[in-house]
2 protein chains.
Amino acid sequence: MKTIKGEQKFHELLEKGMEVMWSKGYNATSVNDIVQAAGVPKGSFYFYFDSKEDFAVKALECYFQQHFDPAKKILDDSSKSPKQRLREFYEFRTSILKNELDCKMGCLACNLGNEMAEHNEKIRQAIVTKETYIKDEIAKVVKEAQACGEMDSHMDALDIVSFFEDAGKGAMTSMKELNSAYPIDNYMQMLNKFMLV
Amino acid sequence: MKTIKGEQKFHELLEKGMEVMWSKGYNATSVNDIVQAAGVPKGSFYFYFDSKEDFAVKALECYFQQHFDPAKKILDDSSKSPKQRLREFYEFRTSILKNELDCKMGCLACNLGNEMAEHNEKIRQAIVTKETYIKDEIAKVVKEAQACGEMDSHMDALDIVSFFEDAGKGAMTSMKELNSAYPIDNYMQMLNKFMLV
DNA sequence: AACTAATAATTGACCAGTCATCTATTAGAT
DNA sequence: ATCTAATAGATGACTGGTCAATTATTAGTT
């Protein structure tokens with residue numbers, strides 16, 4: 001992957017293929033599906049990726065980079081109060097699920113985690129590592145909120161964040177099952193109640 | 001399916017095959033996997049089931065019957081207070097996830113829902129119908145608890161139950177990803193905090 | 001004999017991954 | 001500048017194997 005054109009094809013495969021796997025899952029997505037989505041010949045796939053498993057891991061890394069990094073900027077915006085940042089952070093994420101993704105796609109990492117964690121260690125690790133990092137980043141802001149009295153200090157910040165994140169994961173599953181925004185809206189409503197001092 | 005032996009084989013396929021699909025998911029489970037797990041010849045599968053899809057729907061019905069019906073008895077035990085029943089109900093379900101299933105399997109319906117809801121309407125419907133019924137049954141007890149002042153009456157019972165169920169779903173996903181009981185334990189801890197008047 | 005239940009064998013489509021062969025690009029030597 | 005050689009990328013045919021589903025046949029019962 002030394003040339004510009006090569007770099008382009010690599011990213012084309014990653015992004016178009018990621019979307020297919022995001023929607024259909026790991027086992028239902030064939031390498032043919034991926035190369036067709038990217039408009040790249042079958043043989044080229046194995047020039048850029050060792051295997052379908054390798055593709056999934058790299059797609060996950062790409063996914064987190066594309067979808068968490070923008071949200072992290074909200075968390076880090078020190079011009080706002082910690083609680084306000086948390087609110088906007090969760091509002092931002094849920095609005096994408098509802099509007100951009102039409103309550104259909106959920107989260108690539110949750111989807112692959114649910115399907116593959118028990119059976120593929122590399123994919124499991126790729127997900128756990130990133131999700132742990134994300135929870136830590138959110139927990140930092142929760143701790144700030146606790147320190148300045150915006151949130152209840154009697155609960156462990158990481159426990160709260162873990163619960164929030166898990167509830168969000170489940171809400172996405174229900175959202176897909178019901179094909180409705182209700183689970184996400186209800187999640188936000190409960191989150192706001194839970195976050196009040 | 002007129003003979004006793006036939007009935008036995010049908011249930012053997014359902015129960016053994018259900019476990020395989022529960023663990024591996026829909027797409028990673030082949031009809032061969034199912035018949036091998038049940039010790040039944042390949043050809044017999046299509047005598048008892050129209051298709052793999054038909055098998056999944058029937059397996060889901062069997063799953064809910066086997067796993068929700070015992071828990072429902074706890075909900076209906078009028079000798080205890082509503083809130084006590086809710087506590088025991090959730091405690092019962094989470095203890096199965098931890099002890100019986102070793103934090104590995106999660107819930108068949110959630111697994112298939114996550115993997116298939118977007119792409120298979122029959123499977124989606126089978127899951128949604130049953131989960132709606134279950135939420136209604138739990139909500140009845142929450143309403144009782146609200147009526148006798150054991151729980152906060154300012155929130156809609158179905159919203160609360162939906163949130164509880166979704167949080168549980170997400171906790172199961174994380175449980176599988178982390179291969180740890182922490183998400184479930186944390187879920188129960190938060191549930192108890194949330195349920196206090 | 002006539003019917004139902006059970007099953008082994010088979011089918012054609014599709015799978016992940018390989019490979020030989022091709023072209024395009026770059027680097028070094030003169 | 002030009003030639004040479006090496007590297008990087010591109011490509012579709014192909015492989016061994018597995019898939020869901022069908023079919024032809026056999027066994028069992030009435």
Side-chain angles (χ1 to χ4, degrees), chain A residues 1-60 112 115-116 119-123 126, chain B residues 1-60 111-112 115-116 119-124 126:
Chain A
M1 221 160 358
K2 300 272 172 75
T3 66
I4 294 172
K5 267 175 70 182
E7 197 80 19
Q8 277 175 342
K9 287 211 178 183
F10 176 75
H11 273 100
E12 190 71 6
L13 280 166
L14 254 193
E15 295 195 22
K16 293 284 166 56
M18 178 180 78
E19 276 181 44
V20 179
M21 198 169 272
W22 190 350
S23 165
K24 297 176 65 170
Y26 184 87
N27 286 302
T29 301
S30 70
V31 174
N32 260 323
D33 291 337
I34 296 167
V35 296
Q36 271 174 35
V40 162
K42 173 82 176 280
S44 299
F45 180 89
Y46 288 94
F47 179 77
Y48 294 103
F49 303 97
D50 294 341
S51 63
K52 187 176 157 183
E53 177 194 50
D54 178 51
F55 174 85
V57 170
K58 289 190 166 69
L60 279 165
L112 289 192
E115 183 182 358
M116 301 302 295
H119 306 283
N120 189 303
E121 182 59 18
K122 282 181 188 169
I123 291 176
Chain B
M1 220 162 359
K2 302 269 172 75
T3 66
I4 294 173
K5 266 175 70 183
E7 197 81 19
Q8 278 175 342
K9 289 207 179 184
F10 175 74
H11 274 100
E12 191 71 4
L13 279 166
L14 253 193
E15 295 194 21
K16 293 284 165 59
M18 179 180 76
E19 276 182 44
V20 178
M21 197 168 273
W22 190 351
S23 164
K24 296 176 67 170
Y26 184 87
N27 286 300
T29 301
S30 70
V31 175
N32 257 323
D33 290 338
I34 296 167
V35 296
Q36 272 175 34
V40 161
K42 171 82 176 280
S44 299
F45 180 88
Y46 289 94
F47 178 75
Y48 295 106
F49 303 96
D50 293 340
S51 62
K52 187 176 157 183
E53 177 193 51
D54 178 53
F55 174 86
V57 170
K58 289 190 165 70
L60 278 164
N111 295 354
L112 290 192
E115 184 183 357
M116 301 302 294
H119 305 283
N120 189 302
E121 183 58 18
K122 282 182 187 168
I123 291 176
R124 192 187 76 84

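Model, not experiment: these values are computed from the prediction. Just so we're on the same page: letters track the sequence lines, and every chain starts at 1.
B:Lys42 NZ to B:Gln36 CD: the interatomic distance, rounded to the nearest 0.5 Å, is 9.5 Å. Remark: B:Met18 CE to B:His11 NE2 distance equals 10.5 Å, nearest 0.5 Å. Atom CZ in B:Phe45 sits 7.0 Å away from atom OG in B:Ser51 (nearest 0.5 Å).
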Query raised in the report: Given Watson-Crick or G-U pairs with both distances under 3.5 Å, what dot-bracket string fits DNA chain D, with | for other-strand pairs and [ ] for crossing?
Result: ||||||||||||||||||||||||||||||
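We find that CZ of A:Phe55 is positioned 15 Å from P of C:dC15, with the value rounded to whole Å. In this structure, CZ of A:Phe47 is placed 16 Å from C1' of C:dG17, rounded to the nearest angstrom. We find that CG of A:Asn27 is positioned 18 Å from P of C:dC14, with the value rounded to whole Å. Between the P atom of C:dA6 and the CD atom of B:Glu12 lies a distance of 14 Å, rounded to the nearest Å. Per the geometry, CG belonging to A:Asn32 stands 11 Å off C1' belonging to C:dG17, to the nearest Å. Following rounding to the nearest Å, B:Leu13 (CG) and C:dT7 (P) show an atom-to-atom distance of 10 Å. In this structure, A:Asp50 places its CG atom 9 Å from P of C:dT18, rounding to the nearest Å. Rounded to whole Å, the distance from CD on B:Glu53 to P on D:dC19 is 19 Å.
A:Phe49 and A:Phe55 have perpendicular rings, their planes meeting at more than 60° on a 0 to 90° scale where under 30° would count as parallel.
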Report task. Begin from the C-alpha positions of B:Glu121 and B:Arg124 and carry the test salt bridge (charged side-chain N to carboxylate O under 4.0 Å, His left out) through to its verdict. Result -> CA-CA 5 Å; B:Glu121 183 58 18; B:Arg124 192 187 76 84; 3.0 Å; yes
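For A:Ser30, the listed nucleotide lying nearest its side chain is C:dA16; candidates were C:dG17, D:dA20, C:dA16. Among the nucleotides D:dG9, C:dA16, C:dT7, the one closest to the side chain of A:Lys52 is C:dA16.
Between A:Gly25 and A:Leu112 the shortest heavy-atom distance is C-CD2, 4.4 Å. The minimum heavy-atom distance between A:Ala37 and A:Val20, with the atom names listed, is CB-CG2, 3.7 Å. B:Thr29 and B:Lys52 make their closest contact through O-NZ, 2.8 Å (heavy atoms, listed as atom of the first residue, atom of the second, distance).
Ionic pairing of A:Lys16 and A:Glu19 is not present here: no N-O contact between side-chain nitrogen and carboxylate oxygen is shorter than 4.0 angstrom.
Residues of residues 37-46 of chain A that place a heavy atom closer than 4.0 Å to DNA chain D, in numerical order, are A:Pro41, A:Gly43, A:Ser44.
In this structure, A:Lys9 reaches the D:dT11 phosphate: one of its side-chain N or O atoms is under 4.0 Å from OP1 or OP2.
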